[in-house]
Structures are given as structure tokens and as C-alpha cells.
Protein chains: 2
Amino acid sequence: MVVRLALSNDEIDRLFRALADPTRRDIVRRTLIAEATVSELADHYAMSWAAVQKHVAVLEGAGLVSKHARGRERMVRGNPAQIQRAQALLDSYEQLWRARVDRLDALFADDA
Amino acid sequence: MVVRLALSNDEIDRLFRALADPTRRDIVRRTLIAEATVSELADHYAMSWAAVQKHVAVLEGAGLVSKHARGRERMVRGNPAQIQRAQALLDSYEQLWRARVDRLDALFADDA
DNA sequence: CTATTGTACAACCAAATGGTTGTACGACTT
DNA sequence: AAGTCGTACAACCATTTGGTTGTACAATAG
């Protein structure tokens with residue numbers, strides 16, 4: 001599946017920033033496997049409920065998870081599309097390098 | 001090309017943290033296309049030389065670029081292998097989600 | 001030899017981050 | 001109706017981050 005939507009510079013910042021924390025990565029992991037409430041998530045970490053709530057908010061701001069109300073609970077769900085956008089981003093960097101290798105190859109081919 | 005080497009939690013933190021800044025991403029971009037000295041890089045940004053030098057140090061700490069001495073200059077070169085490690089990481093998250101989809105599919109298949 | 005260039009690094013500062021506790025409130029339970 | 005549960009958010013604090021200027025030094029140029 002190919003991802004199309006482009007991200008602004010700020011969105012990219014938030015995306016990678018959100019991924020640069022082990023607790024947040026673990027929340028993404030868990031919620032990609034199965035959705036969970038903030039309280040359920042908080043049980044797994046050695047920090048206050050409020051701290052976990054903040055991490056979820058950061059992930060939400062980065063588009064990596066979404067929250068859906070269900071009664072008084074908020075179900076947190078991982079968003080694979082945003083992971084794919086990050087992948088697409090990194091892929092574009094790799095392409096730059098490949099292009100450079102190709103240029104160098106062409107140079108040597110000329111020499112031969 | 002498949003990347004094997006595993007990264008520690010701290011290394012992953014540093015990797016994504018390093019990518020969460022537009023100046024640093026631009027340095028990665030430039031040095032993947034062609035290596036450059038720190039001074040050459042600094043010319044492109046509206047900040048002091050020292051600030052750019054710090055950004056390069058962060059990228060180096062994250063393994064995204066490497067520096068090689070050449071006379072009094074330090075050539076900065078982007079490291080595609082580290083980009084690929086980041087990709088592999090994100091891919092593992094996407095796999096989790098695919099596994100979940102497969103489980104749900106199996107569930108519905110049982111129902112049918 | 002002297003001057004200049006490219007680099008490294010320390011000290012400092014403002015803002016952001018990651019954590020805490022406390023308060024508030026709507027939604028279920030009894 | 002009263003109590004509890006899950007959530008949200010503000011205020012606060014220590015540390016980290018992203019920038020600055022200033023000093024130092026090795027390599028090259030004149």
C-alpha cells in the first residue's frame with residue numbers, strides 16, 4: 001500500500017519526536033496490536049497516570065494514535081497510515097543516496 | 001538490501017530524536033547526496049557555525065552521518081545504513097498491525 | 001614566521017520536555 | 001442521590017535542547 005499525503009515540516013518534527021521515546025513507542029506497539037484505554041496503558045508503566053496521558057496526547061498530536069470515546073472510556077488506537085508516512089519519508093532519503101551511487105557508477109562507466 | 005544489526009532503546013531514541021529537526025534532516029539529505037565539510041553545510045542555514053556543528057554532532061551520535069578528517073577539514077557523509085535501520089524499525093511496527101488485521105480476518109472467516 | 005581558515009569545545013541562556021501532584025467533571029454503579 | 005471510575009487539565013519542577021558568544025588550536029596560505 002502506497003501512502004500519498006504529504007506532511008509539513010512541523011508534522012514531520014512531531015512525528016519523529018513522538019517516536020523518540022521508549023514509552024511512546026511501546027504505546028504505539030500495543031495500540032497497533034489492539035486498542036486500549038488510557039488507564040489500561042498506564043498500568044504497564046512505572047509512572048503516573050497523568051504522565052501516560054501526556055504521552056498519548058503527544059502521539060495523538062503526531063497522528064500516530066487516535067482516540068475514540070466509548071462511554072466514559074477513551075479507546076486509543078494505533079494509526080498504521082502515519083507509520084507508513086514515516087516510512088515513505090525515510091524512503092525518500094534512501095532514494096537520494098541511491099541516486100548518488102548511480103551517478104558515481106555512471107562516472108566510472110564513462111572512465112572505462 | 002536487508003539490515004540486520006539491532007539497536008538498543010537509547011540508540012533508537014537518539015535516531016528518531018536526531019530526525020526530529022528540519023535543519024538536521026536537511027544536513028542528512030545534503031550529505032546523502034554528496035559529502036560536505038561542516039563549514040560548507042553551515043553556509044546554508046541562518047544560524048551560527050557552532051549551532052550547525054552541534055547538529056552534526058547529534059547526527060553523528062545517532063549514527064546518521066560520519067565524519068572523516070581530510071587535512072584540517074572534516075568531511076561529513078550521510079549513512080544510508082542507519083536510515084535503513086530506522087526503516088526496519090518502522091516496518092516491524094507495521095507488521096504488528098498486519099498481524100492484527102490477519103487475526104481479525106481469521107475471526108470473521110470462522111463466523112462465516 | 002604570521003595570518004587565516006576550519007574545527008572543537010566551554011559557558012551561558014531561553015524554551016521545550018518529561019515528570020509530578022492537585023483539582024474538576026462527566027459517566028457509570030449501587 | 002452518592003460514590004467511584006476514567007479522563008482532562010493546570011501548575012509546578014528538573015533536565016534537556018537549540019541556540020548564542022568566546023576561546024583555543026591545528027593545518028594551510030602568504
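- Residue-level contact check: A/S48 touches the bases, meaning some heavy atom is under 4.0 Å from a base atom.
- One finds no side-chain N or O of B/R74 lying less than 4.0 angstrom from the OP1 or OP2 phosphate oxygen of C/dG6.
- Residues A/V38 and A/M75 do not share a hydrophobic cluster, clusters being chains of Ile/Leu/Val/Met/Phe/Trp/Tyr side chains in contact below 4.5 Å.
- If you check C/dT7, D/dC9, C/dG18 against the side chain of B/E73, the one that comes closest is C/dT7.
- Among the atoms of the strands shown, none is found under 4.0 Å from any heavy atom of B/A57.
- Regarding B/W49, its CH2 atom lies at a distance of 16 Å from the P atom of D/dG22, rounded to whole Å.
- The distance from atom CG of A/D43 to atom C1' of D/dC5 is 13 Å, rounded to the nearest whole Å.
- The nearest whole Å value for the distance from the NZ atom in B/K67 to the C1' atom in C/dG6 is 11 Å.
- Nearest to the side-chain atoms of A/H55 among the listed nucleotides C/dG18, C/dT20, D/dT20 stands C/dG18.
- As rounded to whole Å, 16 Å separates atom P of D/dT17 from atom CE of B/M47.
- Between B/T23 and D/dG18 there is no side-chain N or O to OP1 or OP2 distance below 4.0 Å.
- Following rounding to the nearest Å, A/Y45 (OH) and C/dT20 (C1') show an atom-to-atom distance of 19 Å.
- Separating the CZ atom in A/R24 from the CZ atom in A/R17 is a distance of 6.5 Å, to the nearest 0.5 Å.
- Closest approach of B/D21 and B/T23 over heavy atoms only: OD1-N, 2.9 Å.
- D/dT17 atom P lies 15 Å from atom CG of A/D13, rounded to whole Å.
- Of all nucleotides listed (D/dT20, C/dT20, D/dG18), D/dG18 comes nearest to the side chain of B/R24.
- Checked against B/E60 for a salt bridge (Lys or Arg N to Asp or Glu O under 4.0 Å), the options B/R14, B/K54, B/K67 give a single hit: B/K67.
- For A/R17, no side-chain nitrogen or oxygen approaches OP1 or OP2 of C/dA16 to under 4.0 Å.
- Dashed line: the shortest gap from a side-chain N or O of B/Q53 to OP1 or OP2 of C/dA8 is under 4.0 Å.
- Minimum atom distance to the side chain of A/K54 is reached by C/dG19, of the listed C/dG22, C/dG19, D/dT7.
- Among the atoms of the strands shown, only primed sugar atoms or phosphate atoms (P, OP1, OP2) are found under 4.0 Å from some heavy atom of A/T37.
- The heavy-atom pair separating B/L32 from A/Y93 by the smallest distance is CD1-O, 3.5 Å.
- Rounded to an integer number of Å, the gap from B/F16 CZ to D/dT16 P is 22 Å.
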Find every protein N or O atom lying less than 3.5 Å from an N or O atom of nucleotides 27-30 of chain C, and list the pairs.
residue	atom	partner	partner atom	Å
C/dA27	N3	A/R72	NH1	3.4

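- Between A/T31 and B/R100, the shortest heavy-atom distance links the atoms O-NH1, 3.2 Å.
- Between A/A42 and A/V52, the shortest heavy-atom contact is CA-CG2, 3.8 Å.
- The closest side-chain heavy-atom distance from A/E11 to A/R85 is not below 4.5 Å.
- When the nucleotides D/dT7, C/dT20, C/dG18 are ranked by their closest atom to the side chain of A/D21, C/dG18 comes out on top.
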